[in-house]
4 protein chains.
Amino acid sequence: MSTQKRRERERHARREQIVEAAKEVFGEKGFMAATAEEIARRAEVAVGTLYLYFKSKEEMYVSLLFEGLDLFRQELERIQGLPLRPDEKLRAFWDFLYTFYARYPAYYRIVSFLHTAGLREAVSRDLLEEVKRRTGRNFSLAARIVRQGMMAGVYRPGDPREVVDFLWALLTGLVQLMEIRRNLGLAVGDLAELHKNAFALIEDGLSQPRGSAPGGRPRPWVRQAKVSRGAARRPARGAR
Amino acid sequence: MSTQKRRERERHARREQIVEAAKEVFGEKGFMAATAEEIARRAEVAVGTLYLYFKSKEEMYVSLLFEGLDLFRQELERIQGLPLRPDEKLRAFWDFLYTFYARYPAYYRIVSFLHTAGLREAVSRDLLEEVKRRTGRNFSLAARIVRQGMMAGVYRPGDPREVVDFLWALLTGLVQLMEIRRNLGLAVGDLAELHKNAFALIEDGLSQPRGSAPGGRPRPWVRQAKVSRGAARRPARGAR
Amino acid sequence: MSTQKRRERERHARREQIVEAAKEVFGEKGFMAATAEEIARRAEVAVGTLYLYFKSKEEMYVSLLFEGLDLFRQELERIQGLPLRPDEKLRAFWDFLYTFYARYPAYYRIVSFLHTAGLREAVSRDLLEEVKRRTGRNFSLAARIVRQGMMAGVYRPGDPREVVDFLWALLTGLVQLMEIRRNLGLAVGDLAELHKNAFALIEDGLSQPRGSAPGGRPRPWVRQAKVSRGAARRPARGAR
Amino acid sequence: MSTQKRRERERHARREQIVEAAKEVFGEKGFMAATAEEIARRAEVAVGTLYLYFKSKEEMYVSLLFEGLDLFRQELERIQGLPLRPDEKLRAFWDFLYTFYARYPAYYRIVSFLHTAGLREAVSRDLLEEVKRRTGRNFSLAARIVRQGMMAGVYRPGDPREVVDFLWALLTGLVQLMEIRRNLGLAVGDLAELHKNAFALIEDGLSQPRGSAPGGRPRPWVRQAKVSRGAARRPARGAR
DNA sequence: TATGAATGAGTGTTCATTCAT
DNA sequence: GATGAATGAACACTCATTCAT
């Protein structure tokens, strides 16, 4: 019993060693340039040991995401529990998206890695399932904030999950754009500033129009396409 | 003189051969899985020849972007020339962002490739400069559309380039999100639908409030943070 | 004493577990592709335990032969005990060689494995001794059948062990030939048919000429080389 | 033109370098223990170069067979052309089987390798086809000798190819048996002697019975099974 | 310019075997 | 005896890039 527990503990510790080393090496060199041998060396472990804990280099990399996803969730839950108005919560969420990136850019890179072609072959089904579960939970948590805003009448009705997709897409898109600009040697603007302004833009779109009476019929979130004079009339495609 | 011109032409033709082959191979296999040998074979050229025209595999890949950037610019200019209201133009631009992706997803992948760590070492300075020039031009062109909307009072005043960044980031962010979801084996929503709705959201944020008189004092685009009643006042977290 | 016996029994049972698992795994995957870990898993035993009972993977493999050699011997003894004429016994033996292969091809593969270069280093001396003893016994048993035929005057006098070598060689040679043909994708003939015909051929060679009186001077088994008329006399090439 | 020819020659020479080195290394270490790196080193060639000429280690190994198959064929043709009686030719063939093994045992080992499971995946289709073609030709050549014997009435009628199979099987089976015995540390008999005696045995089975009149009805090669008293009567299975 | 044969460093992964507990 | 985590040497194969012709 005691032996088993010790085993358990040691196993966990060893895994941590490896994860830490992997974080370092992948962080410094990126996925492609990182080598199994160096990770093993830094973890002070034999190369073979790596493969006792992870199926492949890809799996090692993606596994690092878990910690990030959990940190992400914790913060989300903290925000959710704050005594704030829904719109304040959403802003807190948006701010968090940025601070999280600023603090742990590596996690965003791993997420970005998830779109690599052929990923599904290199990684175990279970790992992918777990990633799905955790990202799904996080998206749901975020969606809840938006939903509360909608139900409180602060935001127009709509699909809250879609809004989260937009926020996430906007943030990651901006991050990538900035990184590309840096890579191109372009003077890259202040991401913090961009981030702040982006929210102002989106929040306006989300919000109930100011003039509308609190109890009035809500302006639908997806509006009719305005018709241009002289332009071919396209059929209005209402909200799904 | 004539000889030189012929030389020039032949050189250009040869380069085109290679570019076409590269487009095919990179398109089918992605950057990593593509091999110089296969590109050479398809271009009906010796492997060594590739390196007479391109410094490296990376350079070959990134060069493909030029054509995309030019197509992009042409369409932008077409839109600019259309007899549309500024807001209609912006919508046309937004639609174009999507149709361009739908038609040439490969270009987006190359753009995405530009954030690879170590790119600057693998690629010639000149190439990067050229990419900068062309992307810059395209961003400017797009920004012009937004600026026109602002000057016409349809949109609130602000930095038009920033708006273009937002639009671009939003679109590419959504594209990546969808690709990740597909890779994770998640039921992936309809990108076209998402794309449409995203615009509705943003456009609202961009627009002058409905009730405001055309000539009235514009509501500043970046608004003051709303204050939460009863909640502990926390500093804005965006800046950090 | 009792304890020791139990120990003994348990030890034997454990060994059986492993042998059974090894038989399965080697049978399914062949020697090379089989792994110690899988054998351990199937035997429900730790990997290390394998090495308490066997010196090496090779030893595990070769040990499987014992069971086969014993089955072989039992059948040989059964045939020996049958109320048959010597030539009928030999045919029964020959048929058995085939049915044994058809039923337990794995054993033939292990035998074939015994000619691997470097075997002696990978396997304990004792194991090899045991294999020698058991195969030797089997060969002797088979030789006895032949000897009986010779003594009965059914077969010409000669070295019975040699005849067994021939029969064994012929059968295993045919088996290997068929397997190679199958591997090459050649239409492979019916081994059963071949097996039958081969015996007809050999039996004739073994037999006393028909016309010779039972008690007559036996035609020597190894005859003088016939001399070719008109052909240049060449030295026998067999010796070299 | 001259350039092309030189290229051709160089290519051939390089290939020979590699083949020679491969022959050495495989010969010394066997297939499994041989390493690509050592072959390259001995051939004074880069490792990658090996793979310009051969698809895989397996292919390298099997390719060595070609030379052997050609030597084999040449000797077969020589024998065929000799002014000998058919039965003398067959003996010459049989002697050759042995001397060939004695001189080039490595080739027999490669042939034996051909029954490795999974070979077809490790080796190109073309290579296998070529092996088929050449072995097929050799078997045909040998069969011709037997057929001539049959047509001359020296041997009983039958399928000459089958006889060749028997001869081949018998020889290779003996070779393997001897190698196993040597590996087991058994005093291994004189293969040359065994080889000689085996032929006496087989030749008798092949031959027309001595007493039969030249023009008489040939005794069928596959005879009726003799019936044992008291044994279950098995149906006679006539020649196919 | 064009060629294409040659290079050779680089790497993820396996697995028989050991040994501290 | 039994365990099973750890080891680490071993290795085939790839492919971007070069350079002699």
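Chain A is the first sequence line, chain B the second, and so forth, proteins listed ahead of strands; every chain is numbered from 1.
Residue-level contact check: D/A36 touches the backbone only, with heavy atoms under 4.0 Å from sugar-phosphate atoms and none from bases. Contacts of B/A122 with the nucleic acid, taken as non-hydrogen atoms under 4.0 Å apart, are absent.
Contacts of residues 25-33 of chain B with DNA chain F (heavy atom under 4.0 Å): none.
Side chain of A/N183 to backbone of B/R120: no donor-acceptor contact under 3.5 angstrom is found.
A salt bridge (charged side-chain N to carboxylate O under 4.0 Å, His left out) check over residues 48-68 of chain C, counting only residues at least two apart or in different chains, returns the pairs C/K23-C/E67.
Atom CD of B/E58 and atom P of F/dA16 are 9 Å apart (whole Å). For D/K57 and F/dA10, the NZ to C1' distance is 11 Å, given to the nearest whole Å. Rounded to whole Å, atom P of E/dT18 lies 8 Å from atom OH of C/Y51. Atom NZ of A/K55 and atom P of E/dC15 are 15 Å apart (whole Å). Counting to the nearest Å, the P atom of E/dT21 and the CZ atom of A/R9 are 14 Å from each other. Put simply, CD1 on A/I39 is 12 Å from C1' on E/dT11, counting in whole angstrom units. Between the CZ atom of C/F54 and the C1' atom of F/dA2 there is a distance of 16 Å, given to the nearest Å. Residue B/E59 contributes atom CD, which lies 10 Å from atom P of F/dT17 at whole-angstrom precision.
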Protein proximity profile, nucleotides 2-9 of chain E - base contact B, sugar-phosphate-only contact S, no contact -, cut-off 4.0 Å on heavy atoms: BBB-BBB-

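Legend: residues meeting side-chain hydrogen bond (donor to acceptor under 3.5 Å, both in side chains) with B/E10, ordered by chain and number and at least two apart, are B/R6. Qualifying side chain to side chain contact (heavy atoms under 4.5 Å, CB included) partners for C/Y53, counting only residues two or more places apart in sequence or in other chains: C/R11, C/R14, C/R15, C/I18, C/T49. By the side-chain hydrogen bond (donor to acceptor under 3.5 Å, both in side chains) test, D/S112 pairs with C/Q176, sequence neighbours left out. By the side chain to side chain contact (heavy atoms under 4.5 Å, CB included) test, A/A40 pairs with A/V47, A/L50, sequence neighbours left out. Every residue meeting the side chain to side chain contact (heavy atoms under 4.5 Å, CB included) condition with A/V131, not counting sequence neighbours, appears here in chain and number order: A/V62, A/L65, A/F66, A/L114, A/T135, B/L184. Legend: residues meeting side-chain hydrogen bond (donor to acceptor under 3.5 Å, both in side chains) with A/S63, ordered by chain and number and at least two apart, are absent. Take C/R42 and apply the side-chain hydrogen bond (donor to acceptor under 3.5 Å, both in side chains) test, not counting sequence neighbours, and it matches C/E24, C/E28, C/E38. For C/Y51, there are no ring pair (Phe, Tyr, Trp, His ring centres under 6.0 Å) partners two or more places apart in sequence or in a different chain.
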Paired and unpaired positions of DNA chain E as dot-bracket, Watson-Crick or G-U wobble under 3.5 Å, | denoting a partner strand: .||||||||||||||||||||

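Nearest nucleotide to the D/T35 side chain, out of F/dT14, F/dC11, F/dT17: F/dC11.
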Verdict with supporting geometry, D/I110 and D/F31, side chain to side chain contact (heavy atoms under 4.5 Å, CB included): CA-CA 9 Å; D/I110 303 177; D/F31 176 77; over 6 Å; no

